[in-house]
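These notes concern the structure reproduced below.
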Amino acid sequence: MDKIIIKGGKSLKGSVRVSGAKNSALPLICATLLTSGAHRLKNVPSLKDIDTVEKLLTSLGAVIVRDGHLFEVDANNINCFEAPYDVVRTMRASVLVLGPLLARYGRAKVSLPGGCAIGARPINLHIKGLEALGAEIELEQGYLNARAKKLRGARIHLDVPTVGGTENLLMAATLAKGETILENAACEPEITDLAYALIGMGARIEGAGTDTIHIQGVDELYPLEFSVMPDRIEAGTFMVAAAMNRGDIRISGAVSEHLDALIAKLREAGVEIKEEDDVLRVKGPRKVESVNIKTRPFPGFPTDMQAQFMALMTMGRGTSVITENVFENRFMHVCEMQRMGANITIDGNTAIVQGVKRLKGAPVMATDLRASASLVLCGLAAENTTEVKRVYHLDRGYENLEEKFRQLGADICRVQE
Ligand code: UD1
């Protein structure tokens with residue numbers, strides 16, 4: 001298994017380009033199941049999760065051709081309607097085939113994902129919403145067996161603004177009969193990206209990006225032709241890296257409005273951030289100020305940046321209170337950061353981070369993607385050498401992470417254990 005070795009303490013300089021967003025590409029690829037024809041998606045990042053969704057769609061009968069970041073899908077001959085446990089447990093986003101398969105074929109069998117490294121993560125709201133659209137869903141041997149003659153529009157109020165749930169229901173409702181209103185919908189930019197793509201396919205959607213989305217079902221959709229939005233979490237990870245290393249870097253391709261909450265908090269911490277055309281210039285301060293954050297659904301502070309921001313706060317001047325409101329168990333990186341000398345205490349969903357002068361390199365490993373990224377960030381700022389194990393988590397969501405950091409002057413490499 002690969003590991004990443006980092007010799008910390010290098011100041012980061014230069015430019016880096018953000019890849020396409022994993023969390024946008026995954027639902028977009030699933031949306032190709034809504035209709036036949038030749039779908040073309042551009043700016044799809046090369047990631048393990050994209051390989052997984054490719055395998056999943058291929059197992060359903062789709063024919064996929066990839067050329068660099070171009071992803072072409074022919075979904076004419078879908079002849080299987082099942083997302084098996086082995087795939088869903090490695091990538092929860094596999095449940096996003098449920099809405100499109102039900103809408104187009106009236107049937108889908110999808111394994112329940114079970115728990116994961118950051119908490120229980122149920123999909124009850126996906127199920128409740130699809131039932132409201134007329135689907136009959138039964139649980140059999142750990143699988144959801146869903147059937148529907150023809151979905152019909154409904155008013156659906158989501159108890160929490162679930163991102164995946166909003167995406168599944170949005171896709172399903174495009175082909176339902178009549179109007180669907182999604183209330184308390186997620187407002188994440190990835191939802192807006194999906195809605196734009198669906199509109200391009202002929203769907204009638206209004207209000208995406210707000211908490212109420214109106215969808216008028218249509219009889220037919222056309223093939224997808226779309227370019228995936230830039231990855232705001234990747235951009236945010238580079239911003240924090242510059243902040244931790246007195247860096248001066250230019251990040252191109254990022255959309256700053258997607259990063260407002262993070263930018264506000266980084267500025268509070270003393271980081272200089274300027275927008276220069278489509279480039280974000282980020283300069284790290286001599287001394288990082290400690291600030292408090294609370295994760296919230298968009299436009300709040302993203303839970304997917306919590307671990308990386310905590311990495312920054314380990315070297316803050318003072319005390320930072322970090323509250324995780326989205327997931328129940330998302331502090332798995334804390335013990336590893338403590339092994340690097342961080343001073344962090346956890347109380348329920350709150351972490352109290354007392355800044356230390358300098359982190360110390362150590363062998364570390366994490367149980368999820370963003371936690372692993374936060375440990376890379378700690379390693380880049382720490383004294384001596386840090387080894388980050390279980391690199392496969394990073395490969396799920398960061399394209400060429402160590403190459404990009406090397407380009408910025410970091411001493412980082414990947415070796416086989
Ligand atoms: C997506 C992102 C993930 C991000 C998360 C929150 C993808 C592929 N993944 O995950 O990176 O961290 O949004 O921004 O886009 N919930 C329920 N019932 C449900 C669904 C969700 O109670 O049916 C709860 C979850 O347990 C969690 C909260 O809602 O506490 C948010 O989850 P959700 O927005 O659904 O996250 P994902 O779509 O899984």
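As the structure lists them, so they are numbered: ligands from 1, and atoms in each ligand from 1.
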- Under 3.5 Å: N/O of Thr162 near N/O of ligand 1: yes

- Sequence neighbours left out, what pairs pass salt bridge (Lys or Arg N to Asp or Glu O under 4.0 Å) with at least one residue falling in residues 200-225? Arg40-Glu225

- Query: Val271 versus Met239: any side-chain heavy-atom pair under 4.5 Å?
  - Reply: no

- Message: So if I count the atoms of ligand 1 from 1 in the order they appear, which ones are less than 4.0 Å from some heavy atom of Arg121?
- Response: 10 (O), 26 (O), 37 (P), 39 (O)

- Under 3.5 Å side-chain donor-acceptor pair for Thr212 and Glu183: no

- Item | Pro122, Pro297, Pro161: member with heavy atom nearest to atom 22 (O) of ligand 1 | Pro122

- Query: With no hydrogens and no angle check, is any side-chain donor or acceptor of Asn168 less than 3.5 Å from a backbone partner on His126?
  - Reply: no

- Task: Look at ligand 1 and say whether Ala186 reaches it with a heavy atom at a distance under 4.0 Å.
- Result: no

- Message: Asn23 versus ligand 1: do any nitrogen or oxygen atoms come within less than 3.5 Å of each other?
- Response: yes

- For Arg330, counting its heavy atoms only, list the atoms of ligand 1 lying under 4.0 Å from any of them. 12 (O)

- Message: For ligand 1 and Gly165, I'd like to know whether there is a polar contact (N/O to N/O, distance under 3.5 Å).
- Response: no

- With a 4.5 Å heavy-atom cut-off, do Leu34 and Pro100 have their side chains touching? yes

- Enumerated ligand 1 atoms positioned under 4.0 Å from heavy atoms of His126: 23 (O)

- Among Asn325, Val163, Ile191, the residue with a heavy atom nearest to atom 1 (C) of ligand 1 is Val163

- Task: Answer with side chain, backbone, both or neither: which part of Asp304 has a heavy atom less than 4.0 angstrom from an atom of ligand 1?
- Result: side chain

- Under-4.0 Å heavy-atom contact with ligand 1, by part of Val160 that carries it: side chain

- Query: Can you find a side-chain donor-acceptor pair between Asn79 and Asn77 that sits under 3.5 Å?
  - Reply: no

- Heavy-atom closest pair (Val18 atom, Ala254 atom, distance to 0.1 Å) is CG2-CB, 4.3 Å

For residues 140-148, tabulate all N or O donor-acceptor pairs below 3.5 Å that involve a side-chain atom, not counting sequence neighbours.
| residue | atom | partner | partner atom | Å |
| --- | --- | --- | --- | --- |
| Glu140 | OE1 | Asn145 | ND2 | 3.1 |
| Tyr143 | OH | Tyr85 | N | 2.8 |

- Find all atoms of ligand 1 within a distance of less than 4.0 Å from any non-hydrogen atom belonging to Val326, and give their numbers and elements. 27 (C), 28 (C), 30 (O), 31 (C)

- Item | Donor + acceptor pair across side chains of Glu275, Ser256 (<3.5 Å) | yes

- Task: Would you check the N or O atoms of Gly164, main chain and side chain alike, for any that come under 3.5 Å of an N or O of ligand 1?
- Result: yes

- Query: With only distance considered, is Thr303 within less than 3.5 Å of ligand 1 through an N or O on each side?
  - Reply: no

- Evaluate the side-chain proximity of Arg232 to Leu262: yes if any heavy-atom separation is below 4.5 Å, no if none is. no

- Taking distance alone, with no angle check, do Phe327 and ligand 1 share an N/O pair under 3.5 Å? no

